[in-house]
Amino acid sequence: MDIAEFRRRGREMVDFVADYYENIEKRPVFPDVEPGYLRSLIPSEAPVDPETYEDIMKDVERVIMPGVTHWQSPNFFAYFPANSSLPALLADMLSGAIGCIGFTWAASPACTELETVMLDWLGKMLQLPECFLAGTDGQGGGVIQGTASEATLMSLLAARCKTVRRVQASNSQLLEGEIFSKMMAYTSEEAHSSVERAAQIAGVMIRKVPTDDTYAVRGEMLKKMVEMDKAAGLIPFYFCATLGTTPSCAFDHITELGPICNDENMWMHVDAAYAGSAFVCPEFRHLLNGIEYANSFDFNPHKWLLVNFDCSAMWVKNRADLIGAFKVDPLYLKHENQESGLVTDYRHWQIPLGRRFRSLKMWFVFRLYGHKGLQSHIRHHVTLAKEFESLVRADKRFEICAEVILGLVCFRLKGEDVLSENLLKKINQKREIHLVPCQLSGRFVLRFAVCSRTTESHHIQKAWQHITQLTFEVLQVSNY
Ligand code: PLP
């Protein structure tokens, strides 16, 4: 493909994407394919001779689209959002074109510097305490990780390293392995599975803290567990709080938990993967109160803030904790400005070496939407969730299972789990809308998350009509 053809194909691709978005509602939101469907549709070997562009595009409809779950469809209500926006798409194209790998400042200064400033912009929109911002002379700062899972892992590894140094400072005989074997991390029983996984990867023990009747962790429960573990000779060192849990969007009480972590020399990481985007609105900012006690904080603009995947924004109060934990310095990565104190080398902040120019999509989105545009997007979704909640509450066959604070509604049919299980099965078999379940207090619950940038009130009304029609079928079969 030469540049002339690229210009033509590029325009065609933009049209293809625009048509895809304009007509996305006509596609079943959930695919009707069996495992292994794709292998039989394409050759078993890569082509020896070049093929034509037209052939590939034909195969996008024939091979790819039948197996796509349409996350950007306004009828997609599963998981949490993975908001895509047109400005971010264009910025991503530019990022791909520049194609720099910005692991050090010198590897592409714009890539590094825009990222630091974008994380400051975003931190200010969230009213994060000043200590998390890089500014020109701050101790903190932000970094774009690929996912919230990576941010959790990074924070856990940094906390582990900090703790080993602290313990060895007062007992230099103790070997790292002995300390590891006594270290205990904590998180909510409602926390995302990535927290437990991070502990597995780091080779440390983790305890799940029971939650209250709103599915949130309270200070006294953590305190009790920490005291017990200390009495048994263990070393509590890390707590991962969740703001907006995956099953029900519950908020751990970080104003109570933070002081306990600070007193006990425990690193507090705050995972607000989904809910974090809402803090750009002043009316939801109180949910972030207590963040001043945290060592690190992360949320995913790629979930709910219109910045396409992947973009997970992580801040640390003291960046030396992160950078100091994993420093290796081969000659081929050195550059003459690295010790100047004026530059950031993001390779020390993350697990991989390579990194894309992801801050470009933040820059485009923040400038084209403005803080106000981002706020209206969040408010619109919360209003739609409230609309769905009212429809559920008005139908006595259903119950709401957790307080609706943001864009997630947890609900179920009253009675045995099997009713809600059958309802969800029917919903996903019909493929008109897509939902996933969760478990709350041991019961099977349906999660309705407002996800797409283009979801409107009529989609909510239509989804509810569809759910009630299927409910009728479920209850008829069950003789209710
Ligand atoms: N934490 C919470 C609270 C989540 O809800 C999720 C995903 O939904 C994650 C972490 C994992 O996010 P990621 O895919 O960015 O690792």
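Counting convention: from 1, in listed order, for ligands and their atoms alike.
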- prompt: What's the shortest distance from atom 16 (O) of ligand 1 to any protein heavy atom, and which residue and atom give it?
  reply: S149 OG, 2.4 Å
message: I need the nearest protein heavy-atom contact for atom 6 (C) of ligand 1: residue, atom name and distance, please.
response: H192 CD2, 3.3 Å
Carboxylate-amine/guanidinium proximity below 4.0 Å for E227 and K223: yes
message: Centre-to-centre under 6.0 Å for F284 and F279, is that the case here?
response: no
- prompt: Quick one: nearest non-hydrogen protein atom to atom 5 (O) of ligand 1, plus distance?
  reply: T246 OG1, 2.9 Å
- prompt: Within 45° of the six-membered ring axis of W363 and under 6.0 Å from that ring's centre, is NZ or CZ of R367 located there?
  reply: yes
message: D271 versus ligand 1: do any nitrogen or oxygen atoms come within less than 3.5 Å of each other?
response: yes
query: Within the structure, does A148 bring an N/O atom to less than 3.5 angstrom of an N/O atom in ligand 1?
result: yes
message: salt bridge (charged side-chain N to carboxylate O under 4.0 Å, His left out), that's the test. Do R443 and E399 meet it? Break it down for me.
response: CA-CA 12 Å; R443 294 178 316 176; E399 59 188 336; 3.4 Å; yes
- request: Would you please determine whether E150 falls within less than 4.0 Å of ligand 1 on a heavy-atom basis?
  value: no
message: Taking the cut-offs as 6.0 angstrom to the six-membered ring centre and 45 degrees off its axis, would you call R319 and F132 a cation-pi pair?
response: no
task: Just let me know how T245 lines up against ligand 1, side chain, backbone, both or neither, with a heavy-atom cut-off below 4.0 Å.
output: neither
task: Go through ligand 1 atom by atom and flag the ones less than 4.0 Å from a non-hydrogen atom of H302.
output: 15 (O)
task: Decide whether the shortest distance between a heavy atom of F80 and an atom of ligand 1 is less than 4.0 Å.
output: yes
task: Would you mind checking if E292 and K317 are paired as a salt bridge, meaning a charged N to carboxylate O distance below 4.0 Å?
output: no
message: Would you say Y21 and S84 are linked by a side-chain donor-acceptor pair, where the criterion is simply a distance under 3.5 Å?
response: yes
message: Closer than 4.0 Å to some heavy atom of K303 - which atoms of ligand 1 meet that?
response: 6 (C), 7 (C), 8 (O), 12 (O)
- prompt: Between W315 and F299, how do the two ring planes meet: parallel, tilted or perpendicular, split at 30° and 60°?
  reply: parallel
query: Out of curiosity, is G244 lining ligand 1, as in a heavy atom under 4.0 Å away?
result: yes
